Structures are given as structure tokens and as C-alpha cells.
Trainee: 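Before I ask anything, here is the structure I am working with.
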Amino acid sequence: MYRISICSQPGSHRAGKLAYDQQDHPATYHGVPVSLLILDIDGLPLRQNHDIRHPVTMIHEALALLGAGFTQTHCYWQLTASQHPNAERLYARLYFLLDHPLSLAAIKRWANTRRQDACVDPAIYSPVQMIYTARPGFIDMDDPIPWRSGLLYGQREQLPTTLLRVKLPERSRAKIQPTKMVSDVPFLASHFGERWISRIGSEGFYPMIRGLIACAAWYSGYQTDWESLKQAIRQKVSFCDPDGRNTEYLRTITTNASLDSLIQGAVRKFAR
């Protein structure tokens with residue numbers, strides 16, 4: 001895959017595809033800046049009637065909606081297996097070369113701003129995400145959409161990354177300034193603790209919090225200062241870019257009820 005770097009340790013036992021640290025093995029996949037932008041257009045309602053035998057007109061409509069920067073750049077397009085022959089909605093992937101590498105977090109932040117108007121799916125921008133590009137197979141029938149991919153030429157080969165920059169509100173920008181974490185939890189000073197706490201926000205919220213708590217239960221078990229750890233989690237979340245999450249969601253996942261439930265489950269499973 002183009003969006004990950006694979007890490008291995010000589011002499012270590014084999015591990016699966018791990019995006020996050022596990023009890024007995026560090027993550028094997030890590031997100032890296034990418035120079036290829038893939039847009040997953042997931043069910044865009046088309047404003048005009050199109051002939052599915054000539055899908056390039058559908059692609060042109062999607063590019064026009066994305067903006068002039070996209071229409072002016074070379075683009076490889078591909079209809080996905082979800083595309084219906086009636087051509088009322090567009091299910092496609094658009095591929096662009098970027099003029100500078102961008103992190104998946106930055107691309108996802110932009111994709112969230114185009115989810116409503118252009119049906120760009122932000123879910124594909126994670127270190128471990130399979131993207132299937134093969135044509136769908138049909139049994140005892142021909143493909144009702146014979147032309148599923150092609151190349152459109154624009155005025156330039158590479159898409160300017162400036163088109164994908166999202167200006168954060170001043171309030172959010174102030175929140176994400178680097179700050180020193182204040183906590184008396186020894187676990188957070190360990191290799192495992194530092195990696196898990198750093199991933200809150202940049203790689204999600206609830207799954208990272210859950211992983212952090214599980215790792216803490218495995219690392220220090222019943223000796224963990226859970227109240228201090230909860231405070232450190234809340235502090236970390238407050239300094240993160242919300243990345244499209246609403247305030248109520250972030251408040252809910254950091255309440256005592258939510259965190260205590262995760263702690264109880266983690267202690268029961270992993271505490272030694």
C-alpha cells in the first residue's frame with residue numbers, strides 16, 4: 001500500500017498488520033506523508049442525466065463540483081463496484097499526484113469539509129486501509145458498465161496541496177498549541193504511554209483512549225493512578241484539533257462514566 005511504512009524488528013516473532021501498539025508487539029504500520037491523493041466519491045447525486053456508457057461526463061461533473069484546481073489537473077478516474085447503471089449517483093475514485101507530500105491527517109481534515117457537498121468519504125485516510133481497485137466480476141452476464149476507468153488530462157500534472165489546506169478556527173488553533181502534559185502516572189513516561197497518548201487526536205479519539213487505558217492496565221495494573229490518567233486524557237483531548245468531532249461527543253467520551261467503564265474492562269482483562 002502506498003500510505004504506510006512497515007516496521008519490523010529482527011528476531012521478533014511474526015505479527016499481523018498492527019496500526020497501534022499491542023501488549024506484546026509494537027505497531028507494524030505507521031502513517032507516512034503521501035504524494036498520491038485518492039478521493040472516494042461515495043454516492044454523489046448527479047444534477048444532469050448521463051449515459052452510463054460514457055461515464056466521463058459524470059466525472060467531469062464531480063471535478064467541477066470539487067473546483068477549478070481539480071479540473072485543471074491530470075486525473076485518473078475509476079468507477080467503483082457500487083456504481084449503479086442508472087447513473088443517478090456517482091460512485092468513483094479520483095487519483096491525483098500532489099506537488100508536495102501531505103499527511104493523512106491533513107487530507108482527512110480537508111475531506112471532512114467536502115463530505116456534504118461533494119460526498120468525499122474521509123474514512124479511507126488511515127495508516128491501515130485497504131483500497132480495492134479490481135473490476136467487479138460478473139457470473140453469466142457482461143458488465144453493464146463496460147467503461148469503468150480512464151485518464152483525463154488537465155493543464156498541469158500535479159495538484160497544488162494549497163487546495164487541501166484547512167484553516168482552523170482561532171479557538172481551535174489556540175487549543176492545539178504544544179503543551180507539556182502534566183501527570184503523575186509513570187506509565188505515561190514509558191515508551192508505550194508516550195506513543196498512545198501522542199495518538200489521541202491525530203489518529204482518532206475513542207479508539208486511542210481505549211487503547212491507552214488497556215495498555216496502562218497491562219503495564220501497571222492495579223497500581224495505576226487512574227484518576228491522574230483520566231485527567232491526562234482530558235487534558236490531551238482539550239489540546240487536540242477536533243477534526244470534525246462535535247464538542248458534545250468529545251465531552252461524552254471523557255466523562256467519568258465513559259472512562260471508568262473502559263478502565264473496569266481493561267483491568268478485568270489485562271491487569272496482572
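None of these values were measured; they are calculated from a predicted model.
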Trainee: For Gln48, which residues count as a side-chain contact (heavy atoms from CB on, under 4.5 Å) partner, sequence neighbours excluded?
Mentor: His50, Glu61
Trainee: In Å, rounded to the nearest 0.5 Å, how long is the span from CD of Gln83 to CG of Asp143?
Mentor: 11.0 Å
Trainee: Of all the heavy-atom pairs spanning Val267 and Ala217, show the shortest one and how long it is.
Mentor: N-CB, 4.0 Å
Trainee: Should Leu39 and Arg114 count as side-chain neighbours, where that means a heavy-atom distance under 4.5 Å?
Mentor: no
Trainee: So how far is it from Asp121 CG to Arg115 CZ, rounded to the nearest 0.5 Å?
Mentor: 7.5 Å
Trainee: Does the side chain to side chain contact (heavy atoms under 4.5 Å, CB included) test come out yes or no for Leu97 and Leu36, once each step is laid out?
Mentor: CA-CA 5 Å; Leu97 292 177; Leu36 176 64; 4.2 Å; yes
Trainee: Give, for atom CG of Leu152 and atom CG of Leu94, the distance between the pair rounded to the nearest 0.5 Å.
Mentor: 9.0 Å
Trainee: In terms of heavy-atom contacts, does CG of Asp117 have more than 12 from other residues, nucleotides or ligands at under 6.0 Å?
Mentor: yes
Trainee: Partners of Arg156 by salt bridge (Lys or Arg N to Asp or Glu O under 4.0 Å), sequence neighbours excluded?
Mentor: none
Trainee: Please determine whether side chain to side chain contact (heavy atoms under 4.5 Å, CB included) holds for the pair Glu248 and Thr252, giving the CA-CA distance in whole Å, both sets of side-chain angles, and the decisive distance to 0.1 Å.
Mentor: CA-CA 6 Å; Glu248 182 61 23; Thr252 300; 3.5 Å; yes
Trainee: So, the side chain of His74 versus the backbone of Gly154: is there a donor-acceptor pair under 3.5 Å, distance only?
Mentor: yes
Trainee: So which heavy atom on Cys119 is nearest to which on Gly43, and how close?
Mentor: SG-O, 3.7 Å
Trainee: Run the side chain to side chain donor-acceptor pair (under 3.5 Å) test against Ser198 and tell me which residues pass, sequence neighbours left out.
Mentor: none
Trainee: Between atom CG of Leu188 and atom CD of Glu194, what is the distance when rounded to the nearest 0.5 Å?
Mentor: 8.5 Å
Trainee: Can you see which heavy atom on Ile197 is nearest to which on Lys236, and at what distance?
Mentor: O-CE, 3.0 Å
Trainee: Can you find a pair of side-chain heavy atoms, one from Val34 and one from Ile107, that are under 4.5 Å apart?
Mentor: yes
Trainee: Membership question, hydrophobic clusters at under 4.5 Å side-chain separation (ILVMFWY): are Tyr132 and Phe138 in the same one?
Mentor: no
Trainee: Contact between Thr224 and Ile263 at the side-chain level, heavy atoms closer than 4.5 Å - yes or no?
Mentor: no
Trainee: Any idea which heavy atoms bring Gly69 and Leu159 closest together, and the distance?
Mentor: O-CD1, 3.5 Å
Trainee: Partners of Tyr76 by ring pair (Phe, Tyr, Trp, His ring centres under 6.0 Å), sequence neighbours excluded?
Mentor: Tyr95
Trainee: Examine distances only and state if a side-chain atom of Ser220 and a backbone atom of Gln223 form a donor-acceptor pair shorter than 3.5 Å.
Mentor: no
Trainee: Decide if atom CG of Asn49 counts as having more than 12 heavy atoms of other residues, nucleotides or ligands within a radius under 6.0 Å.
Mentor: no
Trainee: Going by side-chain contact (heavy atoms from CB on, under 4.5 Å), name the residues that satisfy it together with Thr71, two or more places apart in sequence or in a different chain.
Mentor: Leu63, Ala68
Trainee: When you compare the side chain of Ile253 with that of Arg245, does any pair of heavy atoms fall below 4.5 Å?
Mentor: no
Trainee: Are the side chain of Ser258 and the backbone of Thr254 linked by a donor-acceptor contact shorter than 3.5 Å?
Mentor: no
Trainee: Could you check whether any side-chain heavy atom of Arg109 comes within less than 4.5 Å of a side-chain heavy atom of Thr113, counting everything from C-beta outward?
Mentor: no
Trainee: Test side chain to side chain contact (heavy atoms under 4.5 Å, CB included) on Leu229 and Trp226 and set out the steps.
Mentor: CA-CA 5 Å; Leu229 183 62; Trp226 293 111; 3.4 Å; yes
Trainee: If the test is ring pair (Phe, Tyr, Trp, His ring centres under 6.0 Å), which one of Phe270, Phe187, Trp196 qualifies with Tyr219?
Mentor: Phe187
Trainee: What distance do Lys108 atom NZ and Leu102 atom CG have between them, rounded to the nearest 0.5 Å?
Mentor: 15.5 Å
Trainee: Please report the interatomic distance CD1(Ile131) to CD1(Ile124), rounded to the nearest 0.5 Å.
Mentor: 4.5 Å
Trainee: So, using side-chain contact (heavy atoms from CB on, under 4.5 Å) as the criterion, who are the partners of Asp51 when residues are at least two apart?
Mentor: Arg53, His54
Trainee: Just by distance, do the side chain of Trp147 and the backbone of Ser149 share a donor-acceptor pair under 3.5 Å?
Mentor: yes
Trainee: Taking the side chain from Arg89 and the backbone from Leu46, do they hold a donor-acceptor pair closer than 3.5 Å?
Mentor: no
Trainee: Which residues pass the salt bridge (Lys or Arg N to Asp or Glu O under 4.0 Å) test with Lys230, not counting sequence neighbours?
Mentor: Glu227, Asp260
Trainee: Taking salt bridge (Lys or Arg N to Asp or Glu O under 4.0 Å) as the cut-off, I'd like each qualifying pair that reaches into residues 63-86, sequence neighbours left out, listed once.
Mentor: none
Trainee: Residues two or more places apart in sequence or in another chain: which of them pass ring pair (Phe, Tyr, Trp, His ring centres under 6.0 Å) with Phe70?
Mentor: Phe96, Trp110
Trainee: Taking salt bridge (Lys or Arg N to Asp or Glu O under 4.0 Å) as the definition, give me every residue that meets it alongside Glu157, ordered by chain and number, with sequence neighbours left out.
Mentor: none
Trainee: With the 4.5 Å side-chain cut-off for hydrophobic clustering, are Leu79 and Tyr91 part of the same group?
Mentor: no
Trainee: By salt bridge (Lys or Arg N to Asp or Glu O under 4.0 Å), which residues pair with Arg234, not counting sequence neighbours?
Mentor: none
Trainee: Run Ile52 and Met58 through side chain to side chain contact (heavy atoms under 4.5 Å, CB included) and show every step you take.
Mentor: CA-CA 8 Å; Ile52 196 63; Met58 302 160 61; 3.9 Å; yes
Trainee: Could you tell me which non-hydrogen atom of Ala118 sits nearest to which non-hydrogen atom of Leu66, and how far apart they are?
Mentor: CB-CD2, 3.9 Å
Trainee: Can you name the nearest heavy-atom pair linking Ala266 to Ala214, along with the distance?
Mentor: CB-CA, 3.8 Å
Trainee: With Asp99, which residues qualify under side-chain contact (heavy atoms from CB on, under 4.5 Å), at least two apart?
Mentor: Gln158, Pro160, Thr161
